[in-house]
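Notes to accompany the following structure.
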Amino acid sequence: MARVLNQTTYNSLLDSLFKLPFRNRVQSLQKLFPELSVDTLKCIVAQECQKRMKGSHGRLTTSETVEAMYKKFTNSILMNEEPGILLRLSDEVGLTPALLARSIIERHYQRDDKSKPAKLLVSTLMKNTALIDDRDLAFETYLCLLEDDEYGPIAEATKQSRGYEYEIYLRMELENCKVSFLHEDHLRMKGYDKTPDIKLEIPVAVDGQVINWIESKALFGDEEVHRGYLKDQLYSYWNRFGPGLVIYWFGYVEDLEKIHQNRIILIRDALPRNMVLMDQHL
Amino acid sequence: MALILDLVSGDIALFHVFTWLDIGSVHQDLKELLKDESENIRYSFPQLLIAFIKEQTSSIVKLHNIHPYELHTVASPKRENLLPTVNNLSLSSPSPNFKNNGSCQETRKIRKITPQRLDLSSDSAFPSLQQSAQTREIPKKRRINPTQLIESPVTTRVPLQFGSCSRPSPPALGHNAFNQAQEQSCHKSLDQERALLKEKKHQITIPTISDLGSTAPKNWMCVEPDISFVTKLSQLDRLSALCSFCLSRNLVPSLFSEIQFLIQLLVLRVSPAKLKQTHLVQSLLDSVHNCVYFSAKTLEHLEGIWCHVDQSVLQQLMHNPRLLLFCPEWTNDKLPKLISSITNVDRIPPHKTVANVAFQTETDNRFNFASDSSFQVFRKQRDQFCEAWQIWKVNSSIPGWNMSIALQKMIQSLVDLRRDCVNYAHLARLFRSQLLNVAQLVKPINELEEPDGPLGQLQSSDPDKLRRLRDRLTNPPESRPARCVGTENDIKMHFEGDQEFFRDFILLAASPAFNEHLKNSLVSGIEDLSSSEDCDDRAQFAETVIALQVMAKFLGFLHFYPHASADHLPEHIFHHLSRLRISQREPIDLVSYIKDAFYKGRLVLVIPWVVTYLTLADPVSLCLPGFHSVLCHLIFVYRKAELAPANAFLIRILLGWLFSQSNFPLPLLAKPDDDLLIEFGNLSLATTDDQLPRLDQSRLVDSSLIHQCCPFLWSWKHLLAEFACSDAKNSGEKASVSRKITPVSAEENPSPVKAPAVKSLQKSLEENFFHNQPSSVKRTVEFVAERLASNVVRDVRHQIIPRLVLHAQATLKTWPSTAKDPVESLCLQLCADVRNEAASAATSAIASIESTLTALLPNDLLPPVRRVCVSIASKLTQGKVLDWIQLHVTKSLFKNDLEVELAKLDKSCARRVPGSPTASDKPQVVHDPTTQAPSFLIDRLKTLIRQVIRDASKVSEQDLIDLLSNCEGTLHRRVDVTPIVSKCLQQLTFDLLFIVCVFQPESIGSQTIIAWVAFWCKTYPSVDGVETEEPVQPPGALISTCVWQVLTPKQLLLLAQSTSPRESWNHVTTLLLQLMKSGLVRYKDVQEQAIAVVRQEWPQELLGRFATCVRDIVDWHRNQKSEPNLSTSESCDDDGLLSWLSWFCAQDDL
């Protein structure tokens, strides 16, 4: 199953994505692009959702709109509506369920002066909804969390875990290949200011190019994502350690390497099998 | 003058003259001529000789190029020649009315294009494109406008100097960074001219390519030299012998210019028509034939020079038709031999693949910063600096790109992001490293590229043109001003290529603090490299020389830039400024560097950067008393230093170049040796620390390094190449452009003067011991000690200290809270512990010294000697480690860590019981890849819960058993489970079990709940027996954040939805009881939960079941209390409250 997309495929995929309703988009896309890996599709959908939220979250959670949504919610409770009130409201306003639930909780626990409650309190309640004193809000929130794949403590934990799992996987693969390296924790202990996932203590060559470090990314590398990482991480690594490799485990759009111009940072969707190690015989 | 004429035409044996010049003894024959002024004349003789030749050639040289507009340039005072005037600049193309001039009558008809021998500043490299369509009377481009010169106050000097007229390129050759400024200043009516210029620019029609090629018809003729026309042969021979003697003995001030002049004489071209019109003063060198003869003979005798110049220059000499004619033996025999004997190895690594400045833990990690914030800020600074450099690299060649618009903000903000000496120092170091990195990447100019094709041919025939063509493609004239920062009238020090970025960075940053740190960094860099020991290898040496030059150039820039002026300084201001600066200190003690280098035989390393630094000096500087001594030292070195031939050539050509700078106070050059010696004299032979390898006699320099250090040398080749080209074909014009010197910078750091310490006898014994061993022995011992000590320190820093601190932090938790200032006493304890451990680490490191040294020291060393080395190395190692400990292992090192920890503890009000499991205590887990990935497991649980709640999907008992084993596998046999994930799984598994209890009680087997609780117990051991976490919460918020919430409103709401409430409640009660039994939930927690429940309204049926549940709990708790071995706190609990609650909820009428 393909994970590396050319620009045209990627564009047409995005086009179809925008036209689909919010639910079950992965399944619909699978039918349209059967040759693509499901994980890649999931990843692209998730990233699209995050991009959308980034753009509209502020607008959808002003105190006025939250107040209106909260009113609607309490009304529905009074009207004894079916459970799933917040989920339906989420579809209606365009916030993801978990983000909506969070706003409602914030409103519910607002202080006497109408300011927002402590962040810590809210995140504790999101993590363990049984602690919410209002039984209906607690249950509704829980339903939202179960439905949301992008936001909320469960989704966050999944994402974080996935990233770490691939990191560990990469370390093990490298050990299997007899590549010697330092990983993030080592580097941090040694006081490095920027720490790639893997810093090769002895460089290796991939497709004729020497690399000195590897960064593992458990997501799909589109241009926006990649530019963000270049700015915050990859160029910093290049500045310090020279050429390196970034792995987007869920694939990437072809030709992103062009962005780097003369700074060599390879992009792959797996650990290359053809690494050339330094000759250590005498 | 008369003296020289007498000498040349007389018959005194030249041998006597040479002796006189050499050692001052005057032969009888000579006495008469010299009268009584022997000593006075001796030192000025070479300059007189030059002036004489100059005078003799002046009339004919004036006619060179036979161009009417060029007449005045020759023989004008030196300073004027440095500046472009319409006369010497506008010559580069044939003018339309030119054909008339060139009507030829000479017998040897050779078609020529207009030769021009004069410079082109980089701007005017290809003026012909636009000029060919222009008439000559109107100044066209600013760069060729006439410039008026005002005599500078410095010009108390010999007015005429041999060769001065012929400097090919004002900005390039006479180039001192400020000339450009003078040029600009010299426009009297700049604005007016600009207006004209603009107007003219509109009229310009760009010639097509065919125009370019069609210069051929514009031919003209010139006199070809013929050996049979040479007159006064013997006098010319004598003059030539005198001249070559002076040149080869370094008696003339500037070797470079004189050879340049000789080459110009060699390629002299005079139109016969012009010759006829002009009345020539009778002189020795009044004809082309004589000039060429004199030049050829003299050049031929300069054998010592030709072996150091680039092969391509020799090729040009060898194929020069005039030399073929006048010195057939030289060109046909000796030169080819010479060329074949030179192996021209290009030692600059072909292309460095690593273009970034590597992060080095030694210098760049957190330990090199005073605080976290400083460290974090520098991380940003480093990235932004690199970003600015990348942006420049990508964009600087784009026309219209303006660095100051694009980068000024970024640069200014990054430089002053944190006004802190540590950050400035780090940034300066980064700047320097990147600069040196780039400098080493510069490719040699004569590198061969594209050997085939038209460009390749151009490369071999006229590489400079190729360069200009390239320049023009990548950097069209209009875009040039944009590349430079600042306004047009700004003073621009000349920096080429990538170095422009670094200059402009400094200018745009405009940060005095940064400049200061950069100066310091450069000075220390120069000091380090000047005393560098790694010069054994030629490549290494070349790298060092170039790095030093670059650093000196930037130091000079930083130091002299404030003194630059775009205006020409009137005399009174000049004197005022020099008075102001009379006691100004230089950032770097050049005199001591020069002296040191002289005595230690390292001139070849030091002189190049000193010269580079000085070429950036402003006119006022060079006249300051502080510089007087420096310049005298340099002149002394020029005359007296003894070096291996190539080394000598390198430093003499550089010094000669410096002496010919317009700023140079010429009277110094006529000083007798003795005066100079006084300057040198006050230094008794330096004996301090004589370990550095002597370089002056080593064969480290080759022609490629010479040309890299002295790019202006290419102008010889350009002169010859241009002549050859114009001679051979009728192709387009040729221009000679000489390379610009690359000035370098230096800094302030007086060479360390050692305090006269009282040495112990042991110390002197040791000193003597090393003195009598090969120097490598000492270096090896010191090196080994250094490395071992550094390893020990590293161990202390990264292993011992973190371990002990961690331990201390743990101790802090149990430290009696009554103890006074626990941090202070713990710190003391830590210091002692670290010192002890470090000492023992040092001891064990020393154990390996013997074997290490045995492997590294010379094999023939006597065993006792080796033993001494081992003991010294051990002592050194221990000393270094101790020094480090004294300096760094102090209370303050730990204070921060401990205080932070203490604050954390205070916050949570919980001093925990010792031995609570921490991550490090866990047994090593062997990763089992067959277990389910945590993210997969989370996803599965989540989906399952959703399906049970929303879709009423069935979960079988077996499913639950499988899930349990999957969770165990994931949580216990994987290394990629993070704390957050673990916590999330805890929550999800509990939720799932609870929900199955509620919605599908039939799937719960007899052992299901017990098994799950056992699993939680094992995986999430509770921190029991502790007044647990009651985090600071807003009032009315949460009671407990514990995961195991059974009787909360949400759970009751779920229970209310159960279709078989009785079973559901049974399971839930069991679950709660199991949790309490295993200690995961406390009785107190249940009380609180229950109270929260009854605050809300519930259906009576539910309350009834709730009451039953609570009663079961109370019963169980009563039984527990009757058991003897229970913790006191728990047994004290009153269960009256819950009993009452249970009774209350069971009332029907509620």
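Note that these values count all heavy atoms, side chains included, but never hydrogens, waters or copies made by symmetry.
Of the two parts of B:Leu988, only the side chain, counted from C-beta on, holds a non-hydrogen atom closer than 4.5 Å to a non-hydrogen atom of chain A. For A:Asp136, the parts lying near chain B are the backbone and the side chain together; criterion is any non-hydrogen pair under 4.5 Å. Neither the backbone nor the side chain of A:Asp232 comes within less than 4.5 Å of any heavy atom in chain B. With a 4.5 angstrom heavy-atom cutoff, B:Arg794 does not touch chain A via any of its atoms. Contact of A:Leu87 with chain B is made through the side chain alone, with heavy-atom distances under 4.5 Å. Within the 4.5 angstrom heavy-atom criterion, no atom of B:Gln376 approaches chain A. Residue A:Arg171: no heavy atom, backbone or side chain, is found under 4.5 Å from chain B. B:Val977 touches chain A through its backbone: at least one of N, CA, C or O sits under 4.5 Å from a heavy atom, while the side chain does not. With a 4.5 Å cut-off on non-hydrogen atoms, B:Leu430 does not touch chain A at all. Within the 4.5 angstrom heavy-atom criterion, only side-chain atoms of A:Ile168, from C-beta onward, approach chain B.
Closest non-hydrogen pair, A:Ala157 versus B:Val981, comes out as O-CG2, 3.6 Å. Across every non-hydrogen atom of B:Val394 and A:Gln261, the tightest pair is CG2-OE1, 2.9 Å. Nearest approach of A:Arg240 to B:Arg379, heavy atoms of both residues: NH2-O, 3.3 Å.
Comparing B:Val1046, B:Asp991, B:Leu985, B:Leu1052 by heavy-atom pairs within less than 4.5 Å of chain A, the highest count is held by B:Asp991. Counting heavy-atom pairs under 4.5 Å between each of B:Gln1096, B:Lys942, B:Arg366 and chain A puts B:Lys942 at the top. In terms of non-hydrogen atom pairs under 4.5 Å with chain A, the most contact-rich of B:Asp364, B:Leu1053, B:Asp383 is B:Asp383. Chain A forms the most heavy-atom pairs under 4.5 Å with one residue out of B:Arg974, B:Arg950, B:Gln1051, and that residue is B:Arg950.
Atom SG of B:Cys984 is separated from atom CD of A:Glu156 by 10.5 Å, given to the nearest 0.5 angstrom. Considering NZ of A:Lys127 and CD1 of B:Ile980, their distance stands at 6.5 Å, rounded to 0.5 Å. Taking NZ of A:Lys194 as the start and CZ of B:Phe359 as the end, the distance is 11.5 Å to the nearest 0.5 Å. Here the straight-line distance linking atom CG of A:Asn239 with atom CD of B:Gln384 works out to 11.0 Å at 0.5 Å rounding.
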- Task: Evaluate the criterion side-chain contact (heavy atoms from CB on, under 4.5 Å) for residue pair B:His798 and A:Met189; output intermediate values, then yes/no.
- Result: CA-CA 7 Å; B:His798 299 317; A:Met189 211 165 68; 5.6 Å; no
- Item | Steps toward side-chain contact (heavy atoms from CB on, under 4.5 Å) verdict (A:Ile132, B:Lys1050) | CA-CA 7 Å; A:Ile132 298 175; B:Lys1050 174 195 155 201; over 6 Å; no
- Query: Taking it one step at a time, do B:Ile949 and A:Leu143 satisfy side-chain contact (heavy atoms from CB on, under 4.5 Å)?
  - Reply: CA-CA 9 Å; B:Ile949 296 179; A:Leu143 292 180; 3.8 Å; yes
- Query: Do A:Tyr142 and B:Leu1054 pass the side-chain contact (heavy atoms from CB on, under 4.5 Å) test, and can you show the C-alpha distance, the side-chain angles, and the key distance before you say yes or no?
  - Reply: CA-CA 11 Å; A:Tyr142 196 57; B:Leu1054 287 172; 5.9 Å; no
- Item | salt bridge (charged side-chain N to carboxylate O under 4.0 Å, His left out) between B:Asp976 and A:Arg162, worked out | CA-CA 9 Å; B:Asp976 53 2; A:Arg162 197 170 292 139; over 6 Å; no
- Message: Applying salt bridge (charged side-chain N to carboxylate O under 4.0 Å, His left out) to A:Arg135 and B:Glu1097, what does each step give before you reach the verdict?
- Response: CA-CA 11 Å; A:Arg135 58 193 178 211; B:Glu1097 285 191 24; over 6 Å; no
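At a threshold of 4.5 Å between non-hydrogen side-chain atoms, the residues B:Gln390 and A:Trp238 count as touching.
Heavy-atom contacts from other residues, nucleotides or ligands closer than 6.0 Å to CG of A:Asp112 number 12 or fewer.
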